[in-house]
2 protein chains.
Amino acid sequence: MTTQREIARRAKTSLKTVSRVINRDPLVNAETRARIEAIIAEIGYEPSQAARMMRSQRSNVIGFLADGVATSSSSIDLIRGAQDVAWERGKQMMLFNIERGTASAANADSQLAAFRAEAIIYAAVFHQEVDLPDTGVPHVLLNCFDVKQRHTAIVPDDYQLAYDLTLTIFERGYKRPVFLNLNSDIVASHLRAKGFADAAAAMGHDVSGAIHTAVVSRAGTTPRLATHDILPPLFVGDQQPDLVLCGQDTMAMNVYFELGELGRKVGRDIAVASFDNLEPIVSLLQPGLSTMELPYYEMGRTAMNLAIDGGEDRQVLRLKGKFIERASM
Amino acid sequence: MTTQREIARRAKTSLKTVSRVINRDPLVNAETRARIEAIIAEIGYEPSQAARMMRSQRSNVIGFLADGVATSSSSIDLIRGAQDVAWERGKQMMLFNIERGTASAANADSQLAAFRAEAIIYAAVFHQEVDLPDTGVPHVLLNCFDVKQRHTAIVPDDYQLAYDLTLTIFERGYKRPVFLNLNSDIVASHLRAKGFADAAAAMGHDVSGAIHTAVVSRAGTTPRLATHDILPPLFVGDQQPDLVLCGQDTMAMNVYFELGELGRKVGRDIAVASFDNLEPIVSLLQPGLSTMELPYYEMGRTAMNLAIDGGEDRQVLRLKGKFIERASM
DNA sequence: ATGAAAGCGCTAACAT
DNA sequence: ATGTTAGCGCTTTCAT
């Protein structure tokens with residue numbers, strides 16, 4: 001690979017002037033600049049990051065630890081958002097798929113230390129609490145938050161997501177929604193249950209008794225008995241639900257099948273709504289699934305911006321979602 | 001961050017001896033080594049990659065360009081396989097989600113050039129032909145191959161996948177499978193059609209007329225009219241199919257719904273099989289979908305091994321899949 | 001507006 | 001078994 005020294009030789013100028021051109025220092029004669037830029041373009045020169053890092057003592061590297069993301073496709077938007085911002089702001093994002101507590105995590109930490117990463121984003125597959133001790137490098141938590149708030153965190157505003165979705169449901173004239181919530185040990189669960197109940201109350205409805213806990217999977221595993229035990233009893237008598245709100249799109253998929261077994265056709269006899277906006281499921285279900293999208297892309301962007309800007313706030317940011325309408329309600 | 005010089009000072013030894021310990025050079029006195037290692041552990045020292053790269057003129061960096069892969073969850077296994085090998089072999093994999101032809105691709109190329117990447121793996125979402133000119137750095141193509149075979153390529157053995165799956169189908173006693181194949185402009189299509197036909201012939205069956213082309217999506221988009229026009233005419237009369245083989249799991253999902261509309265229950269009245277093993281769909285469908293898994297993880301591993309080892313072979317490697325059995329057949 | 005000199009932290013090459 | 005010297009390719013600092 002060519003060096004700046006070589007370019008300087010060719011341009012009959014000094015090393016430093018070449019460096020100035022490359023670093024967009026305005027104090028360079030326009031003509032000199034043009035000459036140097038032409039040479040750079042011609043030979044396709046790229047300055048060595050290694051040398052830059054070493055001399056300037058700035059790595060421009062931001063680490064991204066994706067914990068379990070490999071098993072979950074929706075969380076890829078977290079990565080996309082972060083990567084887009086890193087690129088826009090001239091940073092190098094180094095991505096590692098890890099599993100917390102395993103060698104993969106230790107390895108990622110070493111690598112990032114070796115590259116002198118300036119900050120690390122730690123992303124979880126689903127909204128959860130973690131216990132991440134304070135280390136040398138600043139951390140930003142994504143889709144999770146620290147037990148003791150030792151790190152800035154970005155999470156979805158699950159209360160508000162459920163609140164907004166529930167308002168929409170009642171505004172559309174549904175009267176008897178049931179909510180098949182996620183396991184109670186999942187952070188999002190009680191936040192959403194409260195959002196659901198509060199929004200219903202605000203609309204003058206009582207949904208006590210309409211919230212059911214369905215057993216769902218963690219990352220990757222199959223939901224078991226999620227809905228099979230809960231749904232059938234609800235569809236007898238004269239107080240049957242007119243909408244089933246599911247804790248996540250995969251559960252909704254299950255619910256489509258269960259409702260089919262019960263002789264109900266989604267979109268005609270019964271409405272279904274959900275959380276996540278997980279492709280390709282939401283589009284492939286027939287009819288398409290209306291769902292409250294988790295703001296993963298925006299969360300990823302926000303995390304990277306905070307990682308780059310640093311700051312000592314240790315705040316917890318909650319981002320709102322967007323309702324994606326399809327034919328299921 | 002501490003430097004080797006500082007460690008040498010503390011250990012009352014020379015810089016070079018510290019370097020030897022870190023690089024596992026056996027020619028160091030055991031006692032000296034122990035003393036130095038203790039200090040390293042105590043202060044949590046990590047050698048600077050930047051300095052190493054610069055001095056040794058080896059980056060140990062392998063680039064991974066994931067073209068559209070981020071939008072498809074199954075292809076994450078390509079990434080996992082490559083990353084695992086990189087880690088096992090002490091390389092640093094730098095991952096970029098790109099879209100070919102856009103600025104994201106150009107940016108990734110610059111970054112990798114700046115880091116002096118030793119090789120680049122280019123991964124596509126689905127098995128396809130690409131036209132990737134020869135550049136300075138060696139490339140390994142993953143899930144795609146070059147028009148002019150200018151690069152080593154790793155692809156799934158789609159012919160064999162279909163052949164093996166079809167054998168299984170006939171061995172289980174199915175007599176009248178129909179194959180809803182992917183679009184004919186998809187590379188896998190004609191390979192699979194041939195594998196299907198050849199295996200059927202080998203089992204003494206004639207499947208001419210049983211192969212249908214269904215319009216399917218590219219990365220991310222929804223399949224349209226995939227199966228809606230094709231299936232109903234097949235399910236009249238006395239020569240009805242006993243198994244529907246789908247080009248991919250997402251199509252199979254569609255087929256489940258279509259068959260439901262036609263009053264057929266999968267696993268009872270009709271069998272379904274497919275290609276991909278795309279979670280969570282395959283597990284969430286009821287009954288679970290039997291499918292021929294694409295060997296993405298192994299392909300990722302192979303690509304990284306070839307990227308590291310270099311070599312001038314320009315070979316095309318075809319990897320076999322594994323049949324994953326669930327209740328749908 | 002341009003340049004010279006120094007040195008970032010490490011390892012290769014060559015002593016001892 | 002250990003040490004010395006030099007230099008990788010850049011940017012910082014300080015001149016001019």
Side-chain angles (χ1 to χ4, degrees), chain A residues 1-37 39-40 43-61 90 92 110-118 136, chain B residues 1-37 39-40 43-61 90 92 110-118 136:
Chain A
M1 195 66 182
T2 343
T3 66
Q4 290 186 13
R5 163 166 277 114
E6 167 67 11
I7 295 170
R9 199 186 55 69
R10 288 232 232 169
K12 302 202 189 316
T13 168
S14 82
L15 184 56
K16 180 59 209 176
T17 303
V18 175
S19 172
R20 284 201 175 95
V21 169
I22 286 165
N23 292 286
R24 296 186 165 59
D25 185 327
L27 285 84
V28 177
N29 181 297
E31 199 183 311
T32 317
R33 147 164 294 127
R35 199 168 71 244
I36 292 174
E37 280 175 344
I39 296 173
I40 290 175
I43 63 181
Y45 167 80
E46 284 284 349
S48 155
Q49 271 301 328
R52 287 189 139 165
M53 281 181 182
M54 197 165 152
R55 178 63 248 220
S56 66
Q57 300 291 74
R58 299 214 59 202
S59 69
N60 276 323
V61 166
Q92 169 60 35
S110 310
Q111 299 268 22
L112 290 174
F115 276 100
R116 307 292 187 261
E118 293 167 0
Chain B
M1 196 68 183
T2 342
T3 67
Q4 291 184 11
R5 165 166 276 115
E6 167 67 10
I7 294 171
R9 200 186 53 72
R10 288 232 232 169
K12 301 201 192 314
T13 169
S14 83
L15 183 56
K16 182 61 206 179
T17 303
V18 176
S19 172
R20 285 204 175 91
V21 169
I22 285 165
N23 291 286
R24 293 183 167 62
D25 186 326
L27 284 83
V28 177
N29 181 296
E31 200 181 313
T32 318
R33 148 165 293 127
R35 200 167 71 244
I36 291 173
E37 280 175 343
I39 296 173
I40 289 175
I43 63 180
Y45 168 81
E46 284 284 349
S48 154
Q49 271 300 330
R52 288 188 139 168
M53 281 180 181
M54 199 165 153
R55 176 64 248 218
S56 66
Q57 299 291 76
R58 299 213 59 200
S59 69
N60 276 322
V61 166
Q92 168 61 36
S110 309
Q111 299 268 21
L112 290 174
F115 276 99
R116 306 294 186 258
E118 294 168 359

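Each chain gets a letter, A, B and so on, in the order its sequence line appears, and its residues count up from 1. Treat the numbers as computed from the prediction; the structure is a model and nothing was measured.
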(message) How bent is the helix from C/dA1-D/dT16 to C/dT16-D/dA1, measuring the angle between the end axes built from five pairs each, rounded to 10°?
(response) 30°

(request) With heavy atoms under 4.0 Å as the rule, sort B/S48 into base, sugar-phosphate or nothing. (result) sugar-phosphate

(request) Respond yes when some side-chain nitrogen or oxygen of A/S56 is under 4.0 Å from OP1 or OP2 of D/dT12, and no when none is. (result) no

(request) Calculate the interatomic distance between A/Q4 atom CD and C/dA4 atom P; express it in whole Å. (result) 15 Å

(message) Looking only at the side chain of B/K16 (C-beta and beyond, no hydrogens), which of the listed nucleotides D/dT4, D/dC8, D/dC10 gets closest?
(response) D/dT4

(message) Whether A/S19 contacts D/dC10 is assessed here as follows: a side-chain N or O lying under 4.0 Å from the phosphate OP1 or OP2. Is that the case?
(response) no

(message) Return the OG to CZ distance between A/S14 and A/R20, rounded to the nearest 0.5 Å.
(response) 7.0 Å

(message) Under 4.0 Å from OP1 or OP2 of D/dT11: is there any side-chain N or O of A/R52 that close?
(response) yes

(request) Give the nucleotide from the list D/dG9, C/dG3, C/dG9 with an atom nearest to the side chain of A/T3. (result) D/dG9

(request) Give the intermediate values and the outcome of side chain to side chain contact (heavy atoms under 4.5 Å, CB included) for residues B/Q92 and B/F115. (result) CA-CA 11 Å; B/Q92 168 61 36; B/F115 276 99; over 6 Å; no

(message) Expressed as a whole number of angstroms, how long is the span from B/N23:CG to C/dT11:C1'?
(response) 8 Å

(message) Which is more 5' along DNA chain D, the nucleotide nearest B/S14 or the one nearest B/Q57? Just name the residue.
(response) B/S14

(request) Please assess A/S48 against B/M54 for the test side chain to side chain contact (heavy atoms under 4.5 Å, CB included), listing each intermediate value before the final yes or no. (result) CA-CA 8 Å; A/S48 155; B/M54 199 165 153; 5.6 Å; no

(request) Report the C-alpha distance between A/R52 and A/N23 in whole Å, list the side-chain angles of each, state the deciding distance to 0.1 Å, and finish with yes or no for side chain to side chain donor-acceptor pair (under 3.5 Å). (result) CA-CA 11 Å; A/R52 287 189 139 165; A/N23 292 286; 3.2 Å; yes

(request) Quickly work out the A/M53 CE to C/dG9 P distance and round it to whole Å. (result) 14 Å

(message) Taking side chain to side chain contact (heavy atoms under 4.5 Å, CB included) as the criterion, tell me which of B/I22, B/I36, B/I39 meets it with B/Y45.
(response) B/I22

(request) Starting at atom CZ of B/R5, determine the distance to atom P of D/dT5, rounded to an integer number of angstrom. (result) 12 Å

(request) Would you kindly give the CD-to-P distance between A/Q49 and C/dC10, to the nearest whole Å? (result) 18 Å

(request) Let me know, please, whether B/N29 or A/L15 comes out on the 5' side of the other along DNA chain D by nearest nucleotide. (result) B/N29

(request) Taking B/R24 for its side chain and B/V21 for its backbone only, find out whether a donor-acceptor pair lies under 3.5 Å. (result) no

(request) Without swapping roles, check the side chain of A/Q4 against the backbone of A/P47 for a donor-acceptor pair under 3.5 Å. (result) no

(request) Measure from CZ on A/R116 to P on D/dC10 and round the result to the nearest Å. (result) 20 Å

(request) Quickly work out the A/I40 CD1 to D/dG9 P distance and round it to whole Å. (result) 16 Å

(message) Nearest whole Å is fine: how far is D/dC8 P from B/M54 CE?
(response) 8 Å

(request) Compare the minimum distances between each of C/dG3, D/dC10, C/dG9 and the side chain of A/T17, then state the nucleotide with the smallest one. (result) C/dG3

(message) Quick check: do A/N60 and A/M53 have side-chain heavy atoms less than 4.5 Å from each other?
(response) no

(request) With heavy atoms under 4.0 Å as the rule, sort B/R20 into base, sugar-phosphate or nothing. (result) base

